[in-house]
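Each chain gets a letter, A, B and so on, in the order the sequences are listed, and its residues count up from 1.
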Amino acid sequence: MDSIADMGGVLGYGPASRPMADEPPFAEPWEGRAFAMTVLAMGRISGRNLDAFRHALERLSPLDYLADGYYGRWLNAAELMLVESAVLAPGAVDTRVRRDRGEDVAEPAFPEPRKPEYAPSAPGSLREVADPPRLAVGQAVVTADVHPRGPSKLPAYLRRRRGTVTAVRPAHVLPDTHGVFVGENPQQVYTVGFDSAELWGPDAEPFRLHADLFDSYLAAVTGTEDS
Amino acid sequence: MDSIADMGGVLGYGPASRPMADEPPFAEPWEGRAFAMTVLAMGRISGRNLDAFRHALERLSPLDYLADGYYGRWLNAAELMLVESAVLAPGAVDTRVRRDRGEDVAEPAFPEPRKPEYAPSAPGSLREVADPPRLAVGQAVVTADVHPRGPSKLPAYLRRRRGTVTAVRPAHVLPDTHGVFVGENPQQVYTVGFDSAELWGPDAEPFRLHADLFDSYLAAVTGTEDS
Amino acid sequence: MTERLSPAERTAALESLLVERELVDPSVMDGFIGRYERDVGPMNGARVVATAWTDPSYLEWLRKDATAAIADLGFSGPQGEHMVVLEQTDEVHHVVVCTLCSCYPWPVLGLPPSWYKDPAYRSRVVREPRAVLAEMGCPLPDDVGIQVWDSSAEVRYLVVPQRPAGTEELGVDELAPLVTRDAMVGVARL
Amino acid sequence: MTERLSPAERTAALESLLVERELVDPSVMDGFIGRYERDVGPMNGARVVATAWTDPSYLEWLRKDATAAIADLGFSGPQGEHMVVLEQTDEVHHVVVCTLCSCYPWPVLGLPPSWYKDPAYRSRVVREPRAVLAEMGCPLPDDVGIQVWDSSAEVRYLVVPQRPAGTEELGVDELAPLVTRDAMVGVARL
C-alpha cells in the first residue's frame, strides 16, 4: 500500500540510533503485554493471518503509526482489526481507559463478532506451486509500475527499476490477496539484486540492494545484467 | 525532498474533511501568533526566503510535521530556522516553556546570530530570463527521475511520467538552490498536463492533472500527446 | 517518548524570546493577525468573480492577465504574484491543491481553510478527485470532466464558478456574497 | 487536537476487554512474554554462528539449507520459516533491514531491537548504508563492498560474522558469547 509504512528512501527521520548492548526486548511492561496480546488475539480472529495484520499496520493514520513506536503501532493495528471483526465496539478501548481513570462514562455493548470467513490452507506462508520457476538466476528483470491501494510487498522505491534475479526462493502466499482474505494465490519468490545507481541515481553510494519479490511483480527483459 | 511533506498519492490520511462555512483563519489564538511571528521573523533572518522556509517544513521529523497541524509545523519550522541561524540556542523554546510553568531550569545564553550570507536579487519569486522558452504548448515531455535530498518542486508522484506542456509561465527562482541559499538560478516554469492513467495506472479515475514544473525537471520527447 | 509540549505554550515561549531579541514587535503582530482576520479573505476573490460575471471585458482581461486584472480591484501581494483563473463550465470542473505544502492565493482568498491544509486532501485529491469531492459534499455528474491543479510553483489559481441561474438581474454587490471560498478552490459548486 | 491516551493505559484497557471476551488468558500472555524475554534471543543465533565457525560440514549445511541446519540446533518457528545465511568476508559486508515493517528472524535473534524498528534505520539503510553504518558505530573501509538485504517477503536472513582472529583454540561454548546481535544483522563487526 502507498502509505508512510513504505518508508524505504524517505528522508526526515533523523540519524540512525546507536545499538545498546543487552537491550531488553520490551522497554516498558506495556510493550510486552501489547506484543503477547496481539499475537494471541490475532490468531483467534484471523487464523494468524500475518499479512492482514501487516496491512492493518499500514492502514493506520500516520500519527497512530508513529507516535508510540513499534508496539504502539501493534496495539493500534490490533485494535483496528478487533473493531473490524466486531470483537470490540468502536471506541471501546478509549472508553475503558476513561473508566479506569474513574470517569463516569458508559461503555458500548460488546458487538456480535464477525470473523472473516477465511482460513489459510496450511500454517505459515510457504506453499508448493505446480509450475516450475519462470525466471532463472541471472535473468534481467524490471519491476512493476503499480500504485497499490491494498497490501503489496513491492516497496515504492523498487518500482519500475531494473535488476537481476540473484536467487530463486520457495513459493509464498501472496500478501496482496491473502492479506485482505480473498485468497492465498501462492507465487514463486525471487531475490532480485539492484544497483544503487539504478535506485538512487548516479550520485548514490555504490552498493547492491537485494529484495525478495513475488513473481507477479517482475517482468523479464532482454539482457542478463541490470547495469 | 523525499519526505512525508511530499504527500501526493499517499494513502492512510483518512477521509477529506467537509468544509465549514465561515471557518475563521485561526482555530485558536496561538495559531495567529505563530503565523504572524513566523512571517515577521523569517523576513528578518532569511530575507523572506520562502523556499528556505518550505524546506525547513519538509526537514521536520514526521511527528513534528503532523502532530500539531499546519501552524504547529510553521512553529516548528520557524524554530528550526532560528536555531540554524543561531538567533536562538537549541532547546531555548522548550526551556522557556518550563520556566513559564514555574520550573527552576537554567536558560541557554542567546548565541551570536549567524545569518546566511545571501540576499535575493529582487522581491518575490518571478524573474526575467534571457533565453526564450525552450518548450512550446503541446510539446510532449517526460519528467526527471530524481531523488532530491534538498528542496525540489517536482513531487514524487510526478517523476518519470509523460505529460504535455499546457502553458508557459513566467520564470521563477529555482527553489532547489534558492531554498538552500546557494543561488536564484531562475528558470522558465511550464504547466504540464498528465493523464491520470499515466500517473496511477489503467484503473485510475479518469481526470487530468496539471502541475507547474521548472525547466530542468523536463525533457522533450517525440510526439505531441502524452497518451 | 518525551512529553510533547503544547504548541500554545511553545508559541508563547517563542514570542517572548523573539521580543527579547527585538526581532518581533507584538503590536506589529497584532496588526498582521487582524489584517488576515478582517481584510484579506474570500470576499476579495468573490469581488473578482462577481465582476467577471457582470463585465465581459473584465473577464477577458482576467483570462489574459489575471494578476493585473485582480490588482486593479486592489488585491495583490504575497502568494499572488502570478494569478491564473480557471473557469468552471457545464463540461469541466477545476479543483486546486498544493501537495507539497499548502500554497494558496492569499490576496484573493486569505489564509487557507483547514480542509485545504489537511493531509487527507493534499494526498488524495491528485489521485481520486471525484471520490474526494463527493466526500466533501460536492458530488459531480459522471459527464463532468475533472481537471486538478497542483500549485507546485508560484502560479496561484482562482477558480471562477458558474454564475447561478436566476441571478441575471443582480449587480456586483449582490452577486459577491453568493460566491463562496470553497467554490473558488473548486470543492463546491454554486 | 484531542488528547492522545497513553499506550500503557490503552494496553491495559484492551487486555481487560479481551479477558472479558475470553480471547486472551493473562497467564498465557505471561508465558509468552517470558519466552521472548528469556529463551528466544540472539544467544540462539550465536550458537548457530559458533557452530558454523568450528564445524565446516555444518557451515556447508547452513549454506545449502539454513532452515534445516538451524532447526537441527533447536531453533525454528514463526519468522524463521525459510532461513538464509549471509557470510561476511574481507571484501563484502552484508546488512539486513525490512523497510515495509520490521520483519526479523525471531527464532535465532529474538524480537528486534529498537534501532531495527526505528524509521531512521528502515528508511535510510537502503539509500545510504555506508553513512548509516558509520552513524551506528560501524564505519567500513572503502574497499569493502556493501550488500543490503530488504526482507520484503518471508525469507529471513542471518548474517554470519567473520570469526575474530586469535580464537582458533576456542570451542562453541567459548565462541558463542563473542557473537553479538548487532553483528548478526550486519550493523557491527566482531
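- Between B:Arg159 and B:Val146 there is a side-chain heavy-atom pair separated by less than 4.5 Å.
- In this structure, the portions of C:Leu100 lying under 4.5 Å from any heavy atom of chain B include both its backbone and its side chain.
- Using a 4.5 Å heavy-atom cutoff, the side chains of C:Arg156 and C:Glu154 are in contact.
- Using a 4.5 Å cut-off between heavy atoms, B:Arg33 touches chain C through backbone and side chain atoms alike.
- Proximity of C:Tyr121 to C:Val185: side-chain heavy atoms (C-beta onward) are separated by under 4.5 Å at one or more points.
- Heavy-atom pairs under 4.5 Å with chain B were tallied for C:Ile33, C:Val126, C:Thr99; the largest tally goes to C:Val126.
- Inspection of the B:Arg169 and B:Thr191 side chains reveals an N or O donor paired with an N or O acceptor under 3.5 Å.
- Note on B:Met1, B:Arg48, B:Arg101: by heavy-atom pairs under 4.5 Å with chain C, the leading option is B:Arg101.
- B:Arg127 and B:Ser121 share a donor-acceptor pair across their side chains, judged by distance under 3.5 Å alone.
- Annotation: maximal heavy-atom pairing with chain B below 4.5 Å, among C:Cys138, C:Cys101, C:Pro113, occurs at C:Pro113.
- Contacts between C:Ala131 and chain B at a heavy-atom distance below 4.5 Å involve backbone atoms as well as side-chain atoms.
- When heavy atoms are compared at a cutoff of 4.5 Å, C:Val187 approaches chain B solely by way of its side chain, counted from C-beta outward.
- In summary, B:Arg99 and B:Asp94 do not engage in a salt bridge, as defined by a charged side-chain N under 4.0 Å from a carboxylate O.
- The pair C:Asp173-C:Arg47 counts as a salt bridge, with a side-chain nitrogen and a carboxylate oxygen less than 4.0 angstrom apart.
- Between chain B and the options C:Glu37, C:Glu81, C:His82, heavy-atom pairs under 4.5 Å are most frequent for C:Glu81.
- Only the side chain of B:Val189 has a heavy atom closer than 4.5 Å to any heavy atom of chain C.
- With hydrogens and angles ignored, the 3.5 Å screen pairs a side-chain donor or acceptor of B:Arg114 with a backbone N or O of B:Glu84.
- Taking C:Arg35, C:Glu20, C:Glu128, C:Met29 one by one and counting their heavy-atom pairs under 4.5 Å with chain B, the maximum is reached by C:Met29.
- Between B:Val141 and B:Tyr217, the closest side-chain pair of non-hydrogen atoms is not below 4.5 Å.
- Cation-pi check for C:Arg21 over B:Phe110 is met; the charged atom lies under 6.0 angstrom from the ring centroid and within 45 degrees of its normal.
- Contacts between B:Ile4 and chain C at a heavy-atom distance below 4.5 Å are absent for every atom of the residue.
- Taking OG1 of B:Thr164 as the start and CG of B:Asp195 as the end, the distance is 9.0 Å to the nearest 0.5 Å.
- Contact of B:Ser196 with chain C is not made at all, since no heavy-atom distance falls under 4.5 Å.
- Residue B:Arg73 touches chain C through its side chain alone, counting heavy-atom pairs closer than 4.5 Å.
- Taking chain B as the reference chain and counting heavy-atom pairs below 4.5 Å, the highest number among C:Glu9, C:Arg124, C:Arg181 is found for C:Glu9.
- Of all the listed residues (C:Pro7, C:Ala12, C:Ala153, C:Ser16), the one sharing the greatest number of non-hydrogen pairs under 4.5 Å with chain B is C:Pro7.
- Heavy-atom distances place no part of B:Ala204 under 4.5 Å from chain C, backbone and side chain included.
- With a 4.5 angstrom heavy-atom cutoff, C:Leu111 touches chain B only via side-chain atoms.
- Comparing B:Ala41, B:Pro25, B:Pro206, B:Ala21 by how many heavy-atom pairs each has under 4.5 Å with chain C, the most go to B:Pro25.
- Residue C:Pro42 does not touch chain B at all, counting heavy-atom pairs closer than 4.5 Å.
- Of the two parts of B:Pro24, neither the backbone nor the side chain holds a non-hydrogen atom closer than 4.5 Å to a non-hydrogen atom of chain C.
- Ring centroid separation for the pair C:Phe32 and B:Phe35 comes in under the 6.0 Å cut-off.
- Only the side chain of C:Val84 comes within contact range of chain B, with heavy atoms under 4.5 Å apart.
- With a 4.5 Å cut-off on non-hydrogen atoms, B:Asp6 touches chain C through its backbone and its side chain both.
- Salt bridge annotation for C:Arg4-B:Asp64: present, with a cationic side-chain nitrogen under 4.0 angstrom from a carboxylate oxygen.
- Proximity to chain C is absent for every atom of B:Val173, based on heavy atoms less than 4.5 angstrom apart.
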